[in-house]
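Read the structure below first, then the notes.
By convention here, the first residue in the shown sequence is residue 1. Given the structure is predicted, the values throughout are model-derived calculations rather than measurements.
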Amino acid sequence: MGVRAAGRQWSSDSGLQARWVFTDRLGGFSQGAYASLNLADHVGDSSTSVAANRMSLAGYAGLAPDALAVMQAAHGKKNAVVTQPGLVADVDALITAESGLGLVALAADCVPLALLDAQAGVVAAIHSGWRGVAANVVQETVGEMITMGANPERMLVGVGPAICPTCYEVSPQVQEQVMATTPAARGQTAQGTTAIDLHGAVTAQLQACGVQDIRCDSRCTYEAEESLFSYRRDGVTGRQGVVVWLEAYAA
């Protein structure tokens, strides 16, 4: 099972722990361009392989095989509060207060995030590319979590691997559009051309919401060819991601 990073937060008050796992491309069943732990069923991979990969992820997390709610990203800021597994289309954030339900966000250059407040019993998974940064899907999601009892100062957030600004050239117009929302998104490629800094941008947006405990895997998807999928690098490729969930724990 290809696990890039994992984390958790627990609360004796709620009797819950909130956990996340970020995956890489290793340890799965897919072949060819999708080798091997591709979690996306919309990129041309075998549906049988994707199902096996998702089942492997659920098993590693200690979740039931059919207990994953999987986001179909829309590259915007819409979120959905979910109470049951399955595909959730046209959103870029999933939120739940249901124990035992895994929220999955997929990415292959965009940044996946896991947001946890174990005391409130609320978790979220976010997908954010440059459009998500420009729309500030982070702020929208944190705001919805607050309505469910979460407190940003109490949150733990995991930020997954994404393409780095050195490798993420965009037009000056796109950079200007994103910086209008988040100046920290400004980046520069190795050639000196305009770029977006996704890690810097989402970190700044989280901090602006009052989140203090942010743990970032700063590795670049484009550069890590052996271990991470990258759409910008390969075109036809798979998707890694994050799963975040709540579970009861014994004190």
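- Applying the 4.5 Å side-chain rule to ILVMFWY residues, one finds Tyr34, Val236 in the same cluster as Val43.
- Between Gln173 atom CD and Thr194 atom OG1 the span is 8.0 Å, to the nearest 0.5 Å.
- Here ring pair (Phe, Tyr, Trp, His ring centres under 6.0 Å) pairs that include residues 197-222, with residues two or more places apart or in two chains, number zero.
- Taking the salt bridge (Lys or Arg N to Asp or Glu O under 4.0 Å) definition, one finds that Glu247 meets it with Arg19, sequence neighbours left out.
- In terms of heavy-atom proximity, Phe29 sits nearest to Asn53 at N-OD1, 2.7 Å.
- A distance-only check finds a donor-acceptor pair linking the side chain of Thr141 to the backbone of Val137 [under 3.5 Å].
- Judged as a salt bridge (Lys or Arg N to Asp or Glu O under 4.0 Å), and not counting sequence neighbours, the contacts of Asp213 are Arg215.
- Residues that satisfy the salt bridge (Lys or Arg N to Asp or Glu O under 4.0 Å) test with Arg131, not counting sequence neighbours, are absent from this structure.
- Within the structure, ring pair (Phe, Tyr, Trp, His ring centres under 6.0 Å) contacts touching residues 104-157 (residues at least two apart or in different chains) are His75-His127.
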Just distance, no hydrogens or angles: give the donor-acceptor pairs under 3.5 Å from side chains in residues 181-188, sequence neighbours left out.
{"unit_1": "Thr181", "atom_1": "OG1", "unit_2": "Ala134", "atom_2": "O", "d": "2.7"}
{"unit_1": "Thr182", "atom_1": "OG1", "unit_2": "Gln205", "atom_2": "NE2", "d": "2.8"}

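- Within the structure, salt bridge (Lys or Arg N to Asp or Glu O under 4.0 Å) pairs that include any residue of residues 43-60 comprise Asp41-Arg54 (at least two apart or interchain).
- Among all heavy-atom pairs drawn from Gln175 and Ile196, the shortest one is CA-CD1, 3.8 Å.
- For Glu140, the salt bridge (Lys or Arg N to Asp or Glu O under 4.0 Å) partners are Lys77, not counting sequence neighbours.
- Here the closest non-hydrogen pair linking Met155 and Val211 is SD-CG2, 4.1 Å.
- Residue Ser36 comes nearest to Gly28 through the heavy atom pair OG-N, 2.9 Å, listed as atom of the first residue, atom of the second, then distance.
- With rounding to the nearest 0.5 Å, the separation of CD in Gln17 from OG in Ser11 is 11.0 Å.
- Residues Arg233 and Glu225 share a closest heavy-atom pair of NH1-CA, 3.4 Å.
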Residues 97-113 side chain polar contacts: donor-acceptor under 3.5 Å, at least two apart:
{"unit_1": "Ser99", "atom_1": "OG", "unit_2": "Leu246", "atom_2": "O", "d": "3.3"}
{"unit_1": "Asp109", "atom_1": "OD1", "unit_2": "Thr221", "atom_2": "OG1", "d": "2.6"}
{"unit_1": "Asp109", "atom_1": "OD1", "unit_2": "Ser230", "atom_2": "OG", "d": "2.8"}
{"unit_1": "Asp109", "atom_1": "OD2", "unit_2": "Ser230", "atom_2": "OG", "d": "3.3"}
{"unit_1": "Asp109", "atom_1": "OD2", "unit_2": "Tyr231", "atom_2": "N", "d": "3.1"}
{"unit_1": "Asp109", "atom_1": "OD2", "unit_2": "Arg232", "atom_2": "N", "d": "2.6"}

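- Here the side chain of Glu153 pairs no donor or acceptor atom with the backbone of Gly210 at under 3.5 angstrom.
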Please tabulate, for side-chain N and O atoms in residues 158-166, each donor-acceptor pair with protein atoms closer than 3.5 Å (sequence neighbours left out).
none

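- Summarising the geometry of Asp24 relative to Ser227, their closest heavy-atom pair is CB-O, 3.0 Å, with the distance given to 0.1 Å.
- Judged as a ring pair (Phe, Tyr, Trp, His ring centres under 6.0 Å), not a single pair has a partner in residues 135-161 (not counting sequence neighbours).
- Between the side chain of Thr147 and the backbone N or O of Glu144 there is at least one donor-acceptor pair closer than 3.5 Å.
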